[in-house]
Amino acid sequence: MGFLIRWVINAVALWVTTLVVSGIEITAATTVRSILTLIVVALIFGLVNAILKPVIHLLGCVFYVITLGLFALFVNAALFLLVDWLATVFKLPFEINGFWPAFWGAIVMGIVSWALSLLVPDGDEG
């Protein structure tokens, strides 16, 4: 159940990100296709973060310490660009137009998903 909640939170955060950050957009022709795109891209986003982020944290731990954590912002942007590339591979109508939209999008996505996580119980609490 927790996975589904995180998936929905990511989809909503991604939707908000497309509204707030210029250069990140869903180019689907219909509303239904847009919603399906959000759901699939949110799944890709979750998988990329679950699989690659811990490895990058481990390998780049020195850079995190040296930059006092600022390196994480660039890693998150790069992972967001990877999600864009994977969405293109799967022919999804999702686009990020460069590094800076990915940078700001990763920040907005993180803030919105964090805020939603505070509002929605994840089912792990007794």
Side-chain angles (χ1 to χ4, degrees):
M1 185 71 161
F3 172 76
L4 290 176
I5 291 171
R6 289 292 325 151
W7 190 3
V8 170
I9 286 173
N10 277 339
V12 172
L14 184 61
W15 173 65
V16 171
T17 302
T18 62
L19 297 175
V20 172
V21 179
S22 132
I24 299 177
E25 54 194 5
I26 305 275
T27 58
T30 66
T31 303
V32 171
R33 179 99 164 112
S34 294
I35 292 169
L36 290 174
T37 300
L38 284 169
I39 290 169
V40 174
V41 172
L43 177 64
I44 294 170
F45 181 82
L47 291 172
V48 165
N49 276 326
I51 295 168
L52 290 180
K53 202 169 192 176
V55 174
I56 292 170
H57 277 256
L58 181 65
L59 296 175
C61 126
V62 172
F63 294 109
Y64 286 98
V65 171
I66 291 172
T67 64
L68 302 175
L70 292 175
F71 183 65
L73 297 173
F74 293 96
V75 167
N76 289 341
L79 290 174
F80 212 31
L81 284 171
L82 176 62
V83 168
D84 173 50
W85 179 78
L86 289 170
T88 303
V89 167
F90 291 112
K91 301 198 183 329
L92 296 170
F94 175 75
E95 294 178 9
I96 299 176
N97 301 320
F99 176 79
W100 289 110
F103 180 85
W104 293 112
I107 291 172
V108 170
M109 185 99 174
I111 291 170
V112 172
S113 64
W114 169 76
L116 290 173
S117 294
L118 292 177
L119 298 174
V120 177
D122 61 4
D124 290 341
E125 293 142 14

Handout entry: Euclidean distance, L43 CG relative to F90 CZ, rounded to 0.5 Å
Key = 9.5 Å

Exercise for the section: Tell me, yes or no, whether the heavy-atom count around F71 atom CZ, taken from other residues, nucleotides or ligands under 6.0 Å, exceeds 12. Expected result: yes

Practice task
Check side chain to side chain donor-acceptor pair (under 3.5 Å) between N76 and all other residues, then give those that pass, not counting sequence neighbours.
Solution key: K53

Fill in the blank from the handout: Heavy-atom nearest pair, N97 first then E25, reads ND2-OE2, 4.0 Å

Practice task
Can you measure from CZ (F99) to CG (L81) and round to the nearest 0.5 angstrom?
Solution key: 7.5 Å

Handout entry: Same cluster (ILVMFWY, side-chain, under 4.5 Å), V16 and L118
Key = no

Exercise for the section: Write down the atom of N49, the atom of P54, and the distance for their closest heavy-atom approach. Expected result: O-CD, 3.4 Å

Practice task
Answer with yes or no whether the hydrophobic clustering places Y64 together with I66; edges join I, L, V, M, F, W, Y residues whose side-chain heavy atoms lie under 4.5 Å apart.
Solution key: no

Problem - Hphob cluster co-occupancy, L36 + F45, side-chain heavy atoms under 4.5 angstrom - result: no

Problem - Co-membership, hydrophobic cluster, residues W100 and V20, 4.5 Å side-chain - result: yes

Problem - Atom of A77, atom of A106 and distance for their closest heavy-atom approach - result: N-CB, 4.1 Å

Handout entry: Point-to-point distance, once rounded to the nearest 0.5 Å, from CD of E95 to CG of D84
Key = 7.5 Å

Exercise for the section: Output every pair passing ring pair (Phe, Tyr, Trp, His ring centres under 6.0 Å) with a member in residues 24-44, not counting sequence neighbours, ordered by first then second residue. Expected result: none

Handout entry: L38 side, atom CG; F94 side, atom CZ - distance, nearest 0.5 Å
Key = 8.5 Å

Problem - CG on L92 to OG1 on T27, rounded to 0.5 Å - result: 9.5 Å

Handout entry: Sub-4.5 Å side-chain heavy-atom contact between V75 and L79
Key = yes

Practice task
Verify, without hydrogens or angle tests, whether W7 (side chain) and A42 (backbone) share a donor-acceptor contact under 3.5 angstrom.
Solution key: no

Practice task
With rounding to the nearest 0.5 Å, note down the distance linking CZ in R33 to CD1 in I26.
Solution key: 10.0 Å

Practice task
Give the C-alpha distance, both sets of side-chain angles, the deciding distance and a yes or no for side-chain contact (heavy atoms from CB on, under 4.5 Å) between V108 and V112.
Solution key: CA-CA 6 Å; V108 170; V112 172; 4.1 Å; yes

Practice task
Of all the heavy-atom pairs spanning I24 and P101, show the shortest one and how long it is.
Solution key: CD1-O, 3.2 Å

Problem - ILVMFWY network linking I56 to L70, side-chain heavy atoms under 4.5 angstrom - result: yes

